[in-house]
There are 2 protein chains.
Amino acid sequence: MHGSGRVKIVDVAAAAGVSVTTVSHVISGRRPVSAATRARVEDAVRRLGYQADPSARGLRTQRTDTVGLVVPDITNPFNTELAAGVQAIAYARGLLTVVCEAPMTDGPRLPAVLRQLTARRLDGIVLGRFGAQRADLDLIAGSGARLVRLGTRIADGPGDVVRGAETEGMRDLVRYLVRERGYRRIGFIGGEAGVEPGGERYEGYRQALAEAGRTVPEDLTVWTGFTREGGRAGAALLLDATEPPDAVVCANDLIAIGALDVARERGFDVPGRLAVTGYDDIDAASMVSPALTTVVNPAREIGRSAARLLIDRLDGDKGPAREVVLTHQVVRRASA
Amino acid sequence: MHGSGRVKIVDVAAAAGVSVTTVSHVISGRRPVSAATRARVEDAVRRLGYQADPSARGLRTQRTDTVGLVVPDITNPFNTELAAGVQAIAYARGLLTVVCEAPMTDGPRLPAVLRQLTARRLDGIVLGRFGAQRADLDLIAGSGARLVRLGTRIADGPGDVVRGAETEGMRDLVRYLVRERGYRRIGFIGGEAGVEPGGERYEGYRQALAEAGRTVPEDLTVWTGFTREGGRAGAALLLDATEPPDAVVCANDLIAIGALDVARERGFDVPGRLAVTGYDDIDAASMVSPALTTVVNPAREIGRSAARLLIDRLDGDKGPAREVVLTHQVVRRASA
DNA sequence: TCACGCATCCAAATCGTTTTGCATCGCAGG
DNA sequence: CCTGCGATGCAAAACGATTTGGATGCGTGA
């Protein structure tokens with residue numbers, strides 16, 4: 001409780017009557033110290049409220065004890081849950097988490113953000129779902145930071161991967177629409193074209209239609225953005241089609257919520273005249289009405305797994321790249 | 001594009017044929033350097049992709065170029081927007097933002113989180129809305145970090161303050177319910193008792209009732225938590241009262257959404273038989289149906305202001321503590 | 001010619017840790 | 001008595017930047 005910010009290791013050493021080396025050893029435990037000395041040092045540390053300066057420590061150890069999470073949009077509840085998951089595991093390990101936003105709009109901000117982060121010498125980076133270029137990934141890997149990618153394939157670049165079984169998830173959802181609900185004309189609203197989860201999910205949609213012997217209605221596919229606004233725009237297009245769909249499958253919940261807005265405005269009864277489905281099962285999915293039929297994407301668990309992978313690597317795991325695939329589950333609510 | 005992570009200032013100096021001092025000077029601009037030398041150095045920096053090691057720099061300068069944001073719950077959309085605001089301003093200034101969660105549940109995690117953060121020697125901390133103890137604030141101030149508190153009064157402790165006009169906002173909202181909507185028995189569901197925004201908002205509710213000559217129905221006040229779950233629990237209590245309310249004023253939108261759940265389950269028509277109002281105007285407020293009558297709380301702008309205050313202080317502003325109050329605005333939707 | 005000032009640049013100290021290579025001590029075994 | 005060996009503890013060398021106090025060279029005015 002004395003001076004809280006200024007006390008250095010030499011102060012502790014003086015107070016305990018030992019050398020700084022010994023203080024360092026009792027703190028790190030890297031060499032044995034006699035019980036009596038250890039007690040004196042620990043007492044001094046407590047009394048003075050000593051906390052090692054992270055810059056000095058980092059300079060010597062070449063570690064920052066900090067990991068980064070990069071996502072396209074902090075505001076998206078999926079990413080928020082993700083962050084909560086990463087943070088929980090990292091915090092327990094004494095790692096600080098910085099979450100950075102690299103908007104997909106107005107050009108590629110990703111490289112700039114990544115440069116900022118690598119300049120910080122982070123120990124590890126979790127790269128959210130992006131249309132990341134190979135150069136971006138190599139930049140991270142080359143900086144010495146461990147890398148965990150989310151929602152991509154292991155073969156696409158360096159680092160470990162965590163992803164939900166998105167193709168399968170979407171396939172199961174569309175199967176359900178086709179087989180158990182009997183929808184005939186099923187449209188698709190995607191996010192930004194080329195951004196990660198979009199492709200997988202679209203693929204699942206196509207698979208389900210294909211296995212049912214349907215042709216994919218290309219005229220009912222539209223790519224916008226992973227937001228409520230995007231959903232509005234996409235749904236407006238689809239519902240104005242000469243032969244509008246009786247179901248709209250959206251690449252995520254926010255898009256679906258936007259689609260619901262449009263359906264309501266135009267007086268389309270959901271699910272009577274139009275089904276709307278989402279993906280992710282964010283909190284809001286069960287708040288809207290009709291509640292959204294969607295697929296749970298275990299965001300928090302994905303974050304946790306990613307953090308665990310990172311920590312394993314930081315602890316010296318030299319094994320080959322790993323890929324963690326988390327299960328999916330269709331949740332059936334009122335919107336379909 | 002050469003070695004991306006390993007190049008040091010001496011490498012740059014060697015490549016440019018000057019001393020490290022000169023390199024440092026051209027980068028920081030703290031002393032004049034001839035145009036020719038400057039060009040050579042800048043070229044070498046670019047060619048080698050030099051980025052100063054933050055630990056080494058921090059050790060010398062005693063700054064980390066990092067600010068922290070501490071909130072009770074990352075998942076709460078209000079806090080998410082807040083974070084986005086802080087982050088945007090900080091990023092533009094080259095500051096990294098770390099956002100930390102210190103859950104209010106299961107005991108006071110705040111002191112532990114704060115100790116972690118002060119150990120990191122952050123340049124500044126934005127402290128979200130908490131029931132922070134005076135000791136917590138002094139810990140931050142004593143660590144040397146600049147402090148901006150959110151949603152409290154300037155007199156309550158060290159540091160600057162940013163807050164919405166919450167008492168006034170809630171007062172206006174309840175006024176509207178009383179005068180223009182004619183509700184008679186108006187209940188209140190608060191968050192955790194003692195947590196910051198709760199008190200202000202409750203005060204506004206009381207003021208509005210008082211100026212209308214109503215007595216505050218103490219039996220219709222319940223304190224739970226700032227979550228949808230909290231709202232469910234609180235609403236259940238209120239609706240089971242012997243003389244249930246015809247309007248429920250909630251301390252934030254999540255609580256209100258929980259209250260809507262209960263109303264729907266029990267078949268209470270909203271707003272016919274029961275009005276429900278929120279506070280904050282998070283995205284979800286306009287997604288639920290009926291859409292929530294609420295008060296906008298400019299989360300993102302609060303975050304921006306807080307970051308600006310912090311930066312001013314970091315730039316050497318020594319003036320007396322400042323308090324920024326942002327305006328409120330009632331938004332009238334279908335739930336009342 | 002000398003002294004002086006300005007423009008440039010450099011050497012070296014410094015920031016607070018961690019870690020390596022020795023020194024010291026006590027004690028057991030020969 | 002001497003040697004060797006754990007068990008402990010210390011001094012000093014990193015780590016990679018910033019910054020201060022000079023050094024150097026040059027031009028200018030007396």
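Quick note on labels: first sequence line is chain A, next is B, and so on, each numbered from 1. The figures here come from the full heavy-atom set of this structure, side chains too, leaving out hydrogens, waters and symmetry mates.
Just one residue in the list Arg153(B), Arg163(B), Arg149(B) forms a side chain to side chain donor-acceptor pair (under 3.5 Å) with Glu323(B), and that residue is Arg163(B).
As a whole-Å value, the separation of Asp65(A) CG from dT17(C) C1' is 13 Å. One atom, CD1 of Ile9(B), and another, P of dT14(C), lie 19 Å apart when rounded to the nearest Å. Following rounding to the nearest Å, Ile27(A) (CD1) and dG16(C) (C1') show an atom-to-atom distance of 12 Å. In this structure, Asp53(A) places its CG atom 14 Å from C1' of dG16(D), rounding to the nearest Å. Atom-to-atom, CZ of Arg38(B) to P of dA7(C) comes out at 14 Å; the value is rounded to the nearest Å. Note: CZ (Arg63(B)) to P (dA17(D)) measures 19 Å, nearest angstrom. Atom NE2 in His25(B) sits roughly 13 Å away from atom C1' in dA12(C) (whole-Å rounding). If you measure from atom CG of Leu48(B) to atom C1' of dG16(D), you get 16 Å, rounded to the nearest angstrom.
Under 3.5 Å, the side chains of Thr37(A) and Ser34(A) contain a donor-acceptor pair of N or O atoms. Donor-acceptor pairing under 3.5 Å is recorded for the side chains of Thr66(A) and Arg120(B).
Between Arg60(A) and dA14(D) there is no side-chain N or O to OP1 or OP2 distance below 4.0 Å. One finds no side-chain N or O of Tyr50(A) lying less than 4.0 angstrom from the OP1 or OP2 phosphate oxygen of dG16(C). Here Thr22(B) reaches the OP1 or OP2 of dC10(C): one of its side-chain N or O atoms lies under 4.0 Å away. Residue Ser24(A) places at least one side-chain N or O closer than 4.0 Å to OP1 or OP2 of dT18(C).
Between Gln62(B) and Arg40(B), it is Arg40(B) whose nearest contact on DNA chain C lies nearer the 5' terminus. With DNA chain C read from its 5' end, the first of the two nearest nucleotides for Lys8(A) and Arg30(A) is the one closest to Lys8(A). Mapping Leu59(A) and Thr21(A) onto DNA chain D by nearest heavy atom places Thr21(A) closer to the 5' end of the strand.
Backbone-only engagement by Thr37(B) is indicated by non-hydrogen atom pairs under 4.0 Å involving sugar-phosphate atoms exclusively. Nucleic acid contact class of Ser34(A) (heavy atoms, under 4.0 Å, all strands): sugar-phosphate only.
The base of dA11(D) is not paired with the side chain of Ser19(A) by any donor and acceptor separated by under 3.5 Å. Side-chain atoms of Arg31(B) and base atoms of dG21(D) include a donor and an acceptor less than 3.5 Å apart.
With contacts defined as side-chain heavy-atom distances shorter than 4.5 Å, the pair Leu150(A)/Ile302(A) qualifies.
Between the side chain of Gln87(A) and the backbone N or O of Val99(B) there is at least one donor-acceptor pair closer than 3.5 Å.
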